[in-house]
There are 2 protein chains.
Amino acid sequence: MIERLDIHSAGIPVLCRACEARHRGVCGALDPDQLVALAKTSSKHRVTSGAELIGDMEAVDGFSNILSGVVKLTKTLSDGREQIVGLQFAPDFLGRPFREESALTAQAATDVSLCSFPRATIEGMLKRSPGLEHRLLEQTLRELDEARDWMVTLGRKTAGEKVASFLMLIATYIDPEFDPRSGSAVFDLPLTRAEIADFLGLTIETVSRQLTKLKADKVIEIENNRRITVENIERLRFRAGL
Amino acid sequence: MIERLDIHSAGIPVLCRACEARHRGVCGALDPDQLVALAKTSSKHRVTSGAELIGDMEAVDGFSNILSGVVKLTKTLSDGREQIVGLQFAPDFLGRPFREESALTAQAATDVSLCSFPRATIEGMLKRSPGLEHRLLEQTLRELDEARDWMVTLGRKTAGEKVASFLMLIATYIDPEFDPRSGSAVFDLPLTRAEIADFLGLTIETVSRQLTKLKADKVIEIENNRRITVENIERLRFRAGL
DNA sequence: CGCGGCATTGATCCTGATCAAGCCCCGTGG
DNA sequence: CCACGGGGCTTGATCAGGATCAATGCCGCG
């Protein structure tokens, strides 16, 4: 394949060619010139599970696109109680323009690869490129919807429904070939039991019990504590409280 | 006062002159010409407590600025369990561009006055005026922060902390002369006990018991079931789990 | 006066938290 | 090869915070 003849790649930085963020993510709002400018100051890198991306220790300053992996956003009460307030998957945009992050920590839940840019680059582009801001608004609206859905789960669902809801959520984001009508899904949990508990407002023991109950009821299978198989997604959805 | 000489009002529609949304709300992003265009198709009106603004019954199509009053956003599970996922106060913007509202209902919690525009007007202006979209992004980011704060409350706080957190929230939004350092606040609850329960993921009885406990502990006073006086805000903040 | 909508209060129940072993899987070092 | 240890997970026993069920109180209003 001769790159210079490929109209779709014309003028697009090598760094960005295969990047999902260019299609579904915020970079989709940029024209080739802007991509080139952005690519000059951007860098790909990987971090391992547990690394802190935003928070007290600013491991990664500025902003990033998530290229792969799962990032968890947590809030901590002064006495140590924790709540995960969001999960981000590729190609989500990570970082908050126009505002110092509130008391929020972003941590890699799995190994994660990122494409990062300095704060100034993005903020400059936001000013000049309304399309970029529009994408950001769309992502923010989506996150707001997700946060509100989760508020219902936290406030009004039982432990069993919470765990089932969590599995539904992961299935839709993670299963490589998830097809809602296929009726089944297989995926690896990106979180430990303790993290799931922090996401659901439960304890580790309750999460464990509910998972074994789902297994006992043949709604899911569990391999190696991590790999989940859902035979019939509809049964799981039902257990999630619809 | 001779209006035409007032430079700040020059060319500004009468409808908008005194409107708070023009300062702190989304309309602040518009220049006088745009305000005029918007005012042509906008209309002020009031609705009474309980009216449904967005949802199955679209009482108000399009978008609105809240001029006064409190609007609650609720989600309902298929079996009837309800969760309030947000409260909106003047001069918040109400309505969701670029997307059919998810399964979300907006209802007047108190009597509310609104300034409404048809959907097409706003969407057109959003396309042409990046400043407007920027304001919208800012409000959305703020709502996202609030939603995430509330997730911590729902997932990790005790009933007592939840009720105290709710009072803190209302105090900061409602008390006409709330000053964080004054140390005290007086306000009317905009929600019934049942609504507070739906906001906090509790039952009506638990809300009632926690309120009487706060009263017994001299953290608050209650008049007429509605009017709350907080002598010492710091003590309340402490009860909210910091 | 009596009714209906909210709110408080009390008694009891039950879901999920807490406390406490013990297991499984793996990596490490003897 | 096995012993050891530790992290993550499961399982069991008990406890307790809120839910649920039920009665009663408080007002405003027709």
Side-chain angles (χ1 to χ4, degrees), chain A residues 48-50 72 77 79-84 107 109-110 153-167 188-217 220-228 239-241, chain B residues 48-50 72 77 79-83 109-110 153-167 188-217 220-228 239-241:
Chain A
T48 56
S49 175
K72 56 174 179 163
L77 254 20
D79 63 359
R81 283 174 285 178
E82 274 198 15
Q83 175 69 45
I84 295 182
Q107 223 183 345
T110 62
T153 301
L154 288 172
R156 289 302 184 199
K157 290 192 186 174
T158 64
E161 290 169 337
K162 285 180 177 181
V163 171
S165 300
F166 171 73
L167 294 177
D188 281 328
L189 292 176
L191 305 184
T192 66
R193 299 293 187 271
E195 290 170 322
I196 298 171
D198 281 341
F199 194 37
L200 296 172
L202 296 172
T203 59
I204 202 176
E205 294 95 329
T206 301
V207 171
S208 178
R209 280 186 244 274
Q210 295 301 333
L211 282 172
T212 43
K213 175 132 54 136
L214 285 172
K215 185 168 63 173
D217 296 351
I220 61 172
E221 285 158 51
I222 307 179
E223 252 174 289
N224 285 337
N225 281 344
R226 278 299 182 117
R227 171 150 295 244
I228 303 285
R239 299 284 288 242
Chain B
T48 55
S49 174
K72 58 175 178 161
L77 254 20
D79 62 359
R81 282 174 286 180
E82 274 199 14
Q83 175 69 45
T110 62
T153 300
L154 288 172
R156 288 302 184 200
K157 291 192 185 173
T158 64
E161 290 169 338
K162 285 180 179 181
V163 170
S165 301
F166 171 73
L167 293 177
D188 281 328
L189 292 176
L191 305 185
T192 65
R193 300 291 187 272
E195 289 169 323
I196 298 173
D198 281 341
F199 193 39
L200 295 172
L202 297 172
T203 59
I204 205 175
E205 294 96 329
T206 301
V207 171
S208 179
R209 280 185 241 273
Q210 296 301 332
L211 282 172
T212 42
K213 174 131 54 135
L214 285 172
K215 184 169 61 174
D217 296 352
I220 62 173
E221 285 158 51
I222 307 180
E223 251 174 289
N224 284 339
N225 280 344
R226 278 299 182 118
R227 170 151 296 248
I228 303 285
R239 300 282 287 240

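We name chains A, B, ... by the order of the sequence lines, and we start the count at 1 in each one. Everything quoted here is computed from the prediction, not taken from an experiment.
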Check residues 203-210 of chain B and write down every donor-acceptor pair under 3.5 Å in which the side-chain atom is one partner and the other belongs to a residue at least two apart or another chain.
from, atom 1, to, atom 2, distance (Å)
Thr203(B), OG1, Thr206(B), N, 3.3
Thr203(B), OG1, Thr206(B), OG1, 3.0

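In this structure, NZ of Lys215(A) is placed 13 Å from P of dC9(D), rounded to the nearest angstrom. We find that CZ of Arg226(B) is positioned 15 Å from C1' of dT8(C), with the value rounded to whole Å. At whole-Å resolution of the value, CD1 in Ile204(A) and P in dT10(D) are 9 Å apart. Regarding Asn225(A), its CG atom lies at a distance of 9 Å from the C1' atom of dT10(D), rounded to whole Å. For the pair Arg81(A) CZ and dA17(C) P, the computed distance is 13 Å after rounding to whole Å.
Remark: side-chain polar atoms of Lys213(A) are not paired, donor with acceptor, to backbone N or O of Gly160(A) under 3.5 angstrom. Between the Arg156(A) side chain and the Glu82(B) main chain, a donor and an acceptor come within less than 3.5 Å of each other. At distances below 3.5 Å, not a single donor-acceptor pair connects side-chain atoms of Lys72(A) with backbone N or O atoms of Gln107(A).
By the side-chain hydrogen bond (donor to acceptor under 3.5 Å, both in side chains) test, Asp79(B) pairs with Arg81(B), sequence neighbours left out. Shown here are the salt bridge (Lys or Arg N to Asp or Glu O under 4.0 Å) partners of Arg227(A), two or more places apart in sequence or in another chain: Asp188(A). With sequence neighbours excluded, the residues forming a ring-ring contact (aromatic ring centres under 6.0 Å, His included) with Phe166(B) are Phe199(B), listed by chain and number.
Base engagement by Ser208(A) is indicated by at least one non-hydrogen atom pair under 4.0 Å involving a base atom.
Here CG of Leu189(A) is found 12.0 Å from OG1 of Thr110(A). Values are rounded to the nearest 0.5 Å.
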Within the 4.0 Å limit for protein heavy atoms, which parts of nucleotides 17-30 of chain D are touched? Write it as a string from 5' to 3', B for base, S for sugar-phosphate only, - for none.
-SSBBB--------
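Residues of residues 189-200 of chain A that place a heavy atom closer than 4.0 Å to DNA chain C do not occur.
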